[in-house]
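These notes concern the structure reproduced below.
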There are 2 protein chains.
Amino acid sequence: MERSGDGDPRQTLRLLWPSPQARSGRGRPPKVSLDKIVAAAMALADRDGLAAMTMDRLAASLGVGTMTLYTHVPGKAELVDLMVDSAWRELDLTRSGSWRDQIEHYAKQNMALHERHPWLRNVSTVRPPLGPGLLARSDFLLAALSTLGLSAAETSAASDSIVTFVDAAAATLAEHTHAGRVSGQSDEDWWAARQVFWETIFDPARYPAIEQAWHDGGFNRSPAEAAANAFDLGLRALLDGIAAMAQRVR
Amino acid sequence: MERSGDGDPRQTLRLLWPSPQARSGRGRPPKVSLDKIVAAAMALADRDGLAAMTMDRLAASLGVGTMTLYTHVPGKAELVDLMVDSAWRELDLTRSGSWRDQIEHYAKQNMALHERHPWLRNVSTVRPPLGPGLLARSDFLLAALSTLGLSAAETSAASDSIVTFVDAAAATLAEHTHAGRVSGQSDEDWWAARQVFWETIFDPARYPAIEQAWHDGGFNRSPAEAAANAFDLGLRALLDGIAAMAQRVR
DNA sequence: AAGCAATACCGTACGATATACGGGAAACGG
DNA sequence: CCGTTTCCCGTATATCGTACGGTATTGCTT
């Protein structure tokens with residue numbers, strides 16, 4: 001599969017930041033609005049996965065003809081961009097507590113977001129749409145980190161690294177939590193394959209460190225628990241490291 | 001859009017770990033081998049992007065009929081799985097120096113890998129194919145981290161968190177380094193949109209922290225440089241944090 | 001030498017998908 | 001009532017992945 005999103009960025013921008021031009025009143029009144037299309041697309045992707053979100057099905061779920069969608073959106077890629085920014089706008093970015101509390105709050109919110117919208121992990125996070133959702137997130141993180149006394153470049157890099165880690169970890173965690181419920185691929189197959197792999201194929205002699213970790217109980221947890229632990233430990237370590245850098249500056 | 005990879009995991013396993021059954025000699029001799037198909041697919045994706053790697057074009061590049069590919073591979077998803085593991089097998093995992101040196105070596109190798117195979121960022125890293133490449137990587141990381149004296153669960157979580165961060169950061173960096181050279185989307189558009197955005201749309205009053213960071217020169221660097229800085233700083237912080245955890249255990 | 005079994009090759013056809021095109025319908029102002 | 005504007009949507013096309021079934025080429029057996 002490819003990645004979704006990343007339509008013509010100029011088109012996407014125009015849709016994300018609509019100029020407040022009032023409708024002239026002339027012409028046929030719309031049956032659907034852009035907002036409703038995006039909302040319906042998200043609902044469809046939430047329920048059946050991103051692959052099932054086809055223009056045909058989306059139009060049907062709105063009770064309109066397929067080509068009607070193209071009066072409101074230049075193409076599917078731009079629509080996915082809008083879905084992504086709309087999702088980000090759901091984040092509760094209330095500020096409270098120390099910078100660290102704020103970052104951890106962001107991490108939790110991000111987890112919940114991926115839980116609600118599992119399709120987010122199927123959309124590339126590189127070169128995201130420059131919408132209000134993304135900007136609000138950046139603003140939140142930069143504000144939280146700016147209290148640390150790092151240089152502007154370091155603050156920016158720290159923010160980016162947090163975004164990178166948290167997004168990736170949340171996506172992984174959501175994948176395992178949802179456990180293929182919707183992912184378009186039967187989870188039983190995956191588990192069966194995993195079983196077969198460990199019992200039949202895995203060669204302990206060739207991968208001693210893995211064997212050792214297994215023996216020491218490092219893999220006793222379910223994949224979902226393991227992902228959650230990796231999320232927690234990684235975030236803690238990352239923030240500890242950033243805090244230490246700030247300490248050094250003072 | 002969508003993500004590639006994630007074919008039937010059982011089929012993929014069978015292909016990743018071929019049993020050493022010698023060909024009987026009977027039957028028509030193959031014109032192509034699985035290895036050649038995977039190599040050609042990677043070359044095609046390297047040059048023209050993953051979206052351009054269609055079964056038709058792949059077959060043509062091998063001088064074979066399209067359906068011939070299906071004698072060697074159950075489907076495209078499985079083929080992408082094989083490409084991914086094959087890419088990971090390119091990592092040079094020579095061990096030398098401290099645990100930290102080893103992790104940093106891994107990070108550099110991973111960067112180079114994404115540089116060579118930009119399409120990797122379009123393939124989901126969740127639930128990766130359990131092939132030799134993935135196992136070698138896990139073994140390398142677990143071995144490096146096992147010297148720290150953490151518990152087995154912590155070691156495993158630390159390894160996972162490093163994988164999460166490094167993969168995501170390397171993918172982001174490669175995206176910006178390649179600068180749309182091949183990504184299937186003209187980079188000029190993106191830059192133009194970015195320009196327009198900052199000059200026309202961005203509202204400083206609404207996003208004070210971003211405005212402040214901009215004013216302080218936090219965005220003076222190119223996106224590629226910024227991504228590289230985020231990679232460096234994030235990895236440093238993450239490893240500092242893990243080292244501190246290990247310190248505390250002793 | 002002739003038949004047979006096994007294996008690989010591949011042309012054709014089908015269903016799914018995004019979307020270009022162009023005509024038709026509904027509202028408004030004049 | 002007519003022209004203009006805006007939106008709706010049926011039809012058609014190009015691109016994919018791949019199911020199906022027939023064909024070609026080899027070694028083995030007799």
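Hydrogens, waters and symmetry mates are skipped; everything else that's a heavy atom, side chains included, is used. Everything numeric in this text was worked out from a predicted model, so none of it was measured. Each chain gets a letter, A, B and so on, in the order its sequence line appears, and its residues count up from 1.
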* Asked: Separation of A:Arg23 atom CZ from C:dG29 atom P, in whole Å?
  -> 12 Å
* Asked: CG of A:Leu62 versus P of D:dC8: gap in Å, rounded?
  -> 11 Å
* Looking at every strand, decide which applies to A:Val73 at a 4.0 Å heavy-atom threshold: base, sugar-phosphate, or nothing. => nothing
Report each atom pair, protein N/O against N/O of nucleotides 14-17 of chain D, whose distance is under 3.5 angstrom.
from	atom 1	to	atom 2	distance (Å)
D:dC16	OP1	B:Arg57	NH2	2.9
D:dG17	OP1	B:Lys76	NZ	2.4
D:dG17	OP2	B:Met55	N	2.9

* Separation between OH of B:Tyr207 and OG of A:Ser138, rounded to the nearest 0.5 Å -> 10.0 Å
* Structure fact -> Those residues at least two apart in sequence (or on a different chain) that pass salt bridge (charged side-chain N to carboxylate O under 4.0 Å, His left out) with A:Arg14 are none
* Asked: Which of the following nucleotides, D:dC20, C:dT19, D:dC7, is nearest to the side chain of B:Met67?
  -> D:dC20
* **salt bridge (Lys or Arg N to Asp or Glu O under 4.0 Å) contacts in which one or both residues fall within residues 160-172 of chain A, not counting sequence neighbours** => A:Arg137-A:Asp167
* To do: Give a yes/no answer on whether the side chain of A:Lys31 brings an N or O atom under 4.0 Å of OP1 or OP2 in C:dA26.
  => no
Please tabulate, for side-chain N and O atoms in residues 196-206 of chain A, each donor-acceptor pair with protein atoms closer than 3.5 Å (sequence neighbours left out).
from	atom 1	to	atom 2	distance (Å)
A:Thr200	OG1	A:Val196	O	3.0
A:Asp203	OD1	A:Ala205	N	3.2

* May I ask you to decide if A:Leu173's main-chain N or O and A:Thr177's side chain share a donor-acceptor pair within less than 3.5 Å? => yes
* To do: List in chain and number order the residues that pass salt bridge (charged side-chain N to carboxylate O under 4.0 Å, His left out) with A:Glu90, two or more places apart in sequence or in another chain; answer none if no residue qualifies.
  => A:Arg116
* Structure fact -> Sequence neighbours excluded, the answer for side chain to side chain contact (heavy atoms under 4.5 Å, CB included) partners of A:Thr71 is A:Thr68
* Examine D:dC9: is either OP1 or OP2 under 4.0 Å from a nitrogen or oxygen in the side chain of A:Thr66? Give yes or no. => no
* To do: Check the distance between C:dA8's C1' and B:Lys36's NZ and give it to me in whole angstrom.
  => 15 Å
* To do: Take the protein atom CG of A:Leu58 and the nucleotide atom C1' of D:dC9, then report the distance between them rounded to whole Å.
  => 15 Å
* **Partner residues of A:Asn229 under the side chain to side chain contact (heavy atoms under 4.5 Å, CB included) criterion, sequence neighbours left out** => A:Arg221, B:Ala157
Listing, residues 16-38 of chain B side-chain donor-acceptor contacts under 3.5 Å, not counting sequence neighbours, or none:
from	atom 1	to	atom 2	distance (Å)
B:Trp17	NE1	B:Leu130	O	2.9
B:Arg23	NH2	B:Arg26	O	3.4
B:Ser24	OG	B:Arg26	N	3.1
B:Ser33	OG	B:Lys36	N	3.2

* To do: Assign a letter to each nucleotide of nucleotides 22-29 of chain D from its 5' end: B, base within under 4.0 Å of a protein heavy atom; S, sugar-phosphate only; -, no contact.
  => --BBBBS-
